[in-house]
Visitor: 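I am attaching a structure below and will ask some questions about it afterwards.
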Amino acid sequence: MNDAAETHRDFVRQIVEDDLRTGKWDGRVQTRFPPEPNGYLHIGHAKSICLNFGIAKQYGGQCNLRFDDTNPEKEDTEYVESIMEDVRWLGFDWDDRLYYASDYFEQLYQWAEQLIQQGLAYVCSLPLEDIRTGRGTPAIPGVPSPYRQRSVKENLDLFRRMRGGEFPDGAHVLRARIDMAHAHMLLRDPIMYRIRHAEHHRTGSKWCIYPTYDYAHGQSDSIERITHSICTLEFENHRPLYDWYCQALGIHHPQQIEFNRLNLTYTMMSKRRLLELVKGGYVTGWDDPRIPTLRGLRRRGYTPEAIRAFCAYVGVTKHNATMDMGVLENHIREDLNRRAERRMAVLDPVKVVITNYPEGQSEQLPAVNNPEDASAGSRMVPFSRELWIEREDFMEDPPKKFFRLSPGREVRLRWAYFVMCTGVVKDADGRVTEIHCTYDPATKGGDAPDGRKVKATLHWVSVPHAVTAEVRLYDHLFRCEDPDEVSDPSLDWKSNLNPASLTLVQQARLEPALGTATVGSRFQFERLGYFCVDADSKPGQPVFNRTVTLKDTWAKEQSKG
RNA sequence: AACCCGGUGGUGUAAUCGGUAACACAGCAGAUUUUGGUUCUGCUUUUCCAGGUUCGAGUCCUGGCCGGGUUACCA
């Protein structure tokens with residue numbers, strides 16, 4: 001988007017370049033994207049994917065895809081499949097480097113025995129609650145577990161029996177022996193293994209003890225010879241532990257680097273909350289176009305190119321930041337403005353009758369497909385005596401700055417003719433049911449040979465040729481920038497869900513060319529926005545999703561009051 | 001509270017290691033336009049505070065203040 005982005009190096013890339021220069025990793029750059037398969041990928045993950053795969057590509061390295069699947073109770077192959085699909089859709093490829101932390105369970109186990117042998121790990125038989133209280137508080141040092149001094153022999157025996165399935169869940173854990181008085185709570189003898197008699201989506205019932213994140217992550221990086229282990233800021237606190245395990249084990253020791261995760265206004269990225277919205281029926285599924293999952297965005301009509309450009313734009317730093325949703329929207333507008341063909345569609349139709357156009361007659365008029373791209377060519381659109389136009393494009397008694405159709409005023413119908421409003425027909429309630437106009441045959445195509453100008457150009461659809469469609473108009477998921485901002489403490493973030501996040505238009509009228517559009521194809525509906533064909537479409541009954549509106553300075557003007 | 005991290009316009013970032021604070025978006029004004037779109041031009045707005053070092057500090061030092069993360073047998 002700007003030239004600075006071409007030359008600027010964020011702080012992670014600066015580290016990588018420094019390491020390359022000093023030969024720290026023998027010129028290697030090896031990164032990884034390590035999702036836990038317990039949810040669907042969202043745009044926050046896209047930032048991480050772009051960073052990890054992007055750095056690898058830029059510096060001639062590689063990026064692995066690794067599933068961090070150490071918690072059998074939350075994870076599922078459903079998520080594994082979707083994650084792979086979404087990473088590919090975004091435009092990245094891990095070649096043959098698909099890994100799972102669960103593939104390393106045996107090695108991790110052996111290393112745990114090694115730490116026991118070194119006197120750096122022990123089996124603790126305290127109940128969960130006692131472990132927690134024994135850890136103390138930041139102000140009060142923890143007290144050593146009574147099991148802290150168990151002999152290597154006893155620890156080994158118990159740990160092997162833990163693996164052997166002799167104990168119920170929670171009976172014992174394996175803990176690292178570090179420092180119960182450490183100012184850093186995470187270093188007060190953290191848990192390495194817990195007993196869980198649970199079916200793992202990949203290892204089945206082979207294991208009944210599972211490593212914790214802290215015990216598994218650095219070592220998994222180490223096994224894969226990762227050089228730069230890039231993660232989000234909330235893992236900063238875990239780095240001492242990451243380093244401790246690698247050092248204690250004497251194994252390849254990658255550098256963990258933390259960056260700021262992506263936050264967006266009017267939405268929310270928490271996996272837990274996304275799950276709640278899906279399970280609670282607040283949205284229609286993981287691909288609901290209102291949520292920021294990659295599949296939601298895809299169904300909404302976002303392109304991988306726009307998402308990647310956005311991720312490059314947002315920047316990588318160490319402080320928390322919230323991007324305005326408008327910036328994401330600008331990126332899809334920019335992409336689609338270049339690529340999407342234009343069509344005409346009327347969402348809230350009102351009938352126009354061209355009184356001086358012969359009844360029963362119609363004609364085909366050429367229309368440019370994309371003014372930004374001459375190679376997109378043109379198409380023919382049918383014109384006839386009766387047309388649909390947008391109800392809001394007509395006002396009987398217009399304010400000063402309104403320059404669309406009103407009685408006595410002339411406007412242009414896009415690619416067709418100048419028309420002049422000569423009158424209206426209303427129903428008993430005073431609602432306009434028909435607008436009467438005359439057209440000027442000399443203005444065919446939209447230009448007046450006498451050089452006279454009009455202030456507005458309207459989109460329109462010929463009544464007898466129109467295709468009827470359902471159009472889904474999406475708006476922000478939440479009605480305020482920060483979903484957590486609740487006035488009444490008895491309410492939670494869900495009370496901020498936007499009741500108008502979806503508006504259904506059942507009887508939109510489209511130009512006929514839109515009747516055969518294929519699922520996933522994207523168009524600009526002139527003057528309205530970008531739309532894409534939804535998978536719910538049936539032959540003859542297309543369904544369109546609004547990706548984003550066009551910028552609308554008239555709407556802005558109106559909202560000023 | 002302790003530990004870790006961070007504070008640059010409204011927002012997001014930059015300033016190549018001490019040398020004139022800049023870019024984008026948003027906002028405002030205007031031009032162009034067969035989309036009130038696109039494009040183009042101009043304008044508004046910035047280094048958390050207080051000391052110190054220095055010819056010179058957004059950058060270094062000290063002390064505050066403010067914000068975030070963490071204090072799980074989740075990741």
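These values consider heavy atoms only, across backbone and side chains, with no hydrogens, waters or symmetry-generated copies.
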Visitor: Looking only at side-chain atoms of A:T70, point me to the closest of B:G37, B:A75, B:C73.
Guide: B:A75
Visitor: Give none if B:C55 has no partner; otherwise give the nucleotide forming a Watson-Crick or G-U wobble pair with it, both distances under 3.5 Å.
Guide: B:G19
Visitor: Check whether any side-chain N or O of A:S82 sits under 3.5 Å from a backbone N or O of A:Y40 as a donor-acceptor pair, and report yes or no.
Guide: no
Visitor: Would you call the rings of A:Y242 and A:H217 parallel, tilted or perpendicular if under 30° counts as parallel and over 60° as perpendicular?
Guide: tilted
Visitor: Take the protein atom CZ of A:F310 and the nucleotide atom P of B:C25, then report the distance between them rounded to whole Å.
Guide: 14 Å
Visitor: From the options B:C3, B:U35, B:C25, select the nucleotide whose nearest atom is closest to the side chain of A:R527.
Guide: B:U35
Visitor: Using the benzene-type ring in the case of Trp, are the ring centres of A:Y109 and A:F159 under 6.0 Å apart?
Guide: yes
Visitor: So what does A:T265 hit on the nucleic acid, given a heavy-atom distance under 4.0 Å: a base, only sugar-phosphate, or nothing?
Guide: nothing
Visitor: Taking A:F310 as the fixed residue, which of A:D335, A:N330, A:L264 is the one that meets the side-chain contact (heavy atoms from CB on, under 4.5 Å) rule?
Guide: A:L264
Visitor: According to a strict under-4.0 Å criterion, is A:N71 in side-chain N/O contact with OP1 or OP2 of B:A72?
Guide: no
Visitor: Does a nitrogen or oxygen in the side chain of A:H182 sit under 4.0 Å from OP1 or OP2 of B:A2?
Guide: no
Visitor: Reckon A:R135 has a side-chain N or O less than 4.0 Å from the OP1 or OP2 of B:C73?
Guide: yes
Visitor: Base, sugar-phosphate alone, or nothing: which one does A:K401 contact when heavy atoms must sit under 4.0 Å apart?
Guide: base
Visitor: Base, sugar-phosphate alone, or nothing: which one does A:R132 contact when heavy atoms must sit under 4.0 Å apart?
Guide: sugar-phosphate
Visitor: Looking at the side chain of A:M323, which of B:G12, B:G68, B:A2 is the nearest nucleotide?
Guide: B:G12
Visitor: Quick one: is B:A26 close enough that its OP1 or OP2 comes under 4.0 Å of any side-chain N or O from A:N330?
Guide: yes
Visitor: In terms of the nearest nucleotide of RNA chain B, which residue is placed more toward the 5' end: A:W415 or A:E75?
Guide: A:W415
Visitor: Which residues in residues 229-243 of chain A have a heavy atom closer than 4.0 Å to any atom of RNA chain B?
Guide: A:E234, A:F235, A:E236, A:N237, A:H238
Visitor: Check the side chains of A:Y530 and A:E329 for a donor-acceptor pair under 3.5 angstrom, ignoring hydrogens and angles.
Guide: no
Visitor: NA contact type, A:P35, heavy-atom cut-off 4.0 Å: base, sugar-phosphate, or nothing?
Guide: nothing
Visitor: Any idea which of B:U13, B:C73, B:U35 is nearest the A:A321 side chain?
Guide: B:U13
Visitor: Evaluate the criterion ring-ring contact (aromatic ring centres under 6.0 Å, His included) for residue pair A:Y215 and A:W111; output intermediate values, then yes/no.
Guide: CA-CA 10 Å; A:Y215 182 67; A:W111 277 332; 8.0 Å; no
Visitor: Do you know which two heavy atoms are closest between A:G39 and A:I83, and how far apart they sit?
Guide: O-CD1, 3.9 Å
Visitor: A:D335 has an atom CG; how far is it from atom P of B:U38, in whole Å?
Guide: 15 Å
Visitor: Please classify the nucleic acid contact of A:E36 as base, sugar-phosphate, or nothing, using heavy-atom distances under 4.0 Å.
Guide: sugar-phosphate
Visitor: Output a table of nitrogen or oxygen pairs between the protein and nucleotides 41-49 of chain B separated by less than 3.5 Å.
Guide:
none

Visitor: Please report, rounded to the nearest Å, how far the P atom of B:G36 is from the CD atom of A:E390.
Guide: 12 Å
Visitor: In whole angstrom, what separates A:R272's CZ from B:A72's P?
Guide: 16 Å
Visitor: Has the side chain of A:R342 got a donor or acceptor atom sitting under 3.5 Å from an opposite partner on the base of B:U35?
Guide: yes
Visitor: Which part of the nucleic acid, if any, lies within reach of A:V314 when heavy atoms closer than 4.0 Å are counted: base, sugar-phosphate only, or nothing?
Guide: sugar-phosphate
Visitor: Over all strands shown, is A:D447 touching base, sugar-phosphate only, or nothing at heavy-atom distances under 4.0 angstrom?
Guide: base
Visitor: To the nearest Å, give me how far apart CG (A:N370) and C1' (B:G37) are.
Guide: 12 Å
Visitor: Taking the six-membered ring for Trp, is the centroid-to-centroid distance between A:F383 and A:W460 below 6.0 Å?
Guide: yes
Visitor: Minimum heavy-atom separation for A:V471 and A:F531, please, with both atom names.
Guide: CG1-CE2, 3.6 Å
Visitor: Please tell me whether A:Y59 and A:E17 have a donor and an acceptor in their side chains that are separated by less than 3.5 angstrom.
Guide: yes
Visitor: Send over the distance from A:D179 CG to B:C3 P, rounded to a whole Å.
Guide: 14 Å
Visitor: Base, sugar-phosphate, or nothing for A:Y215, non-hydrogen atoms under 4.0 angstrom?
Guide: nothing
Visitor: With a 4.0 Å cutoff (strictly under), does any side-chain N or O of A:K551 reach OP1 or OP2 of B:A26?
Guide: yes
Visitor: Let's test this: given Watson-Crick or G-U wobble pairing with both distances under 3.5 Å, identify the partner of B:A2.
Guide: B:U70
Visitor: If we ignore angles and hydrogens, is there a donor and acceptor under 3.5 Å between the side chains of A:T303 and A:R522?
Guide: no
Visitor: Nearest to the side chain of A:I131, heavy atoms from C-beta on, is which of B:G37, B:C73, B:G36?
Guide: B:C73
Visitor: With both distances under 3.5 angstrom, what nucleotide forms a Watson-Crick or G-U wobble pair with B:G9?
Guide: none
Visitor: Within the 4.0 Å heavy-atom criterion, would you say A:E258 contacts the bases, only the backbone, or no part of the nucleic acid?
Guide: nothing
Visitor: For the base of B:A75 and the side-chain ring of A:Y213, does the geometry meet a stacking cutoff of under 5.5 Å between centres and under 30° between planes?
Guide: no
Visitor: Nearest-Å distance, CE (A:M180) to C1' (B:U71)?
Guide: 13 Å
Visitor: So what does A:I191 hit on the nucleic acid, given a heavy-atom distance under 4.0 Å: a base, only sugar-phosphate, or nothing?
Guide: sugar-phosphate
Visitor: Among B:C25, B:G68, B:G36, which nucleotide sits nearest the side chain of A:D552?
Guide: B:G36
Visitor: Let's test this: given Watson-Crick or G-U wobble pairing with both distances under 3.5 Å, identify the partner of B:A29.
Guide: B:U41
Visitor: Quick one: does A:Q14 reach the base of B:U16 with a side-chain donor-acceptor pair under 3.5 Å?
Guide: no
Visitor: Looking only at side-chain N and O atoms, does A:K453 come under 4.0 Å of OP1 or OP2 in B:U33?
Guide: no
Visitor: By nearest heavy atom, map A:Y530 and A:D169 onto RNA chain B; which one lands nearer the 5' end?
Guide: A:Y530
Visitor: How many Å lie between CG on A:L528 and C1' on B:G36, as a whole number?
Guide: 12 Å
Visitor: Considering every strand and a 4.0 Å limit on heavy-atom distances, what is the contact class for A:T317: base, sugar-phosphate, or nothing?
Guide: sugar-phosphate
Visitor: What contact category does A:F403 fall into here, base, sugar-phosphate, or nothing, at under 4.0 angstrom with non-hydrogen atoms?
Guide: base
Visitor: Cation over ring, A:R32 on A:Y99, under 6.0 Å and within 45°?
Guide: no
Visitor: Can you check the distance between B:C28 and B:G10, where both ends of the measurement are the C1' atom (answer in whole Å)?
Guide: 13 Å
Visitor: Using Watson-Crick or G-U wobble geometry with both distances below 3.5 Å, tell me the partner of B:G36, or none.
Guide: none
Visitor: Strictly below 4.0 Å: does A:K318 bring a side-chain N or O up to OP1 or OP2 of B:G7?
Guide: no
Visitor: Considering Watson-Crick and G-U wobble pairs with both distances under 3.5 Å, what does B:G63 pair with?
Guide: B:C49
Visitor: So, are A:E276 and A:R273 salt-bridged, with charged N and O less than 4.0 Å apart?
Guide: no
Visitor: Salt bridge or not for A:R202 and A:E75, using N-O below 4.0 Å?
Guide: no
Visitor: Check this one for me: any side-chain N or O of A:R196 less than 4.0 Å away from OP1 or OP2 of B:C73?
Guide: no
Visitor: Over all strands shown, is A:G326 touching base, sugar-phosphate only, or nothing at heavy-atom distances under 4.0 angstrom?
Guide: nothing
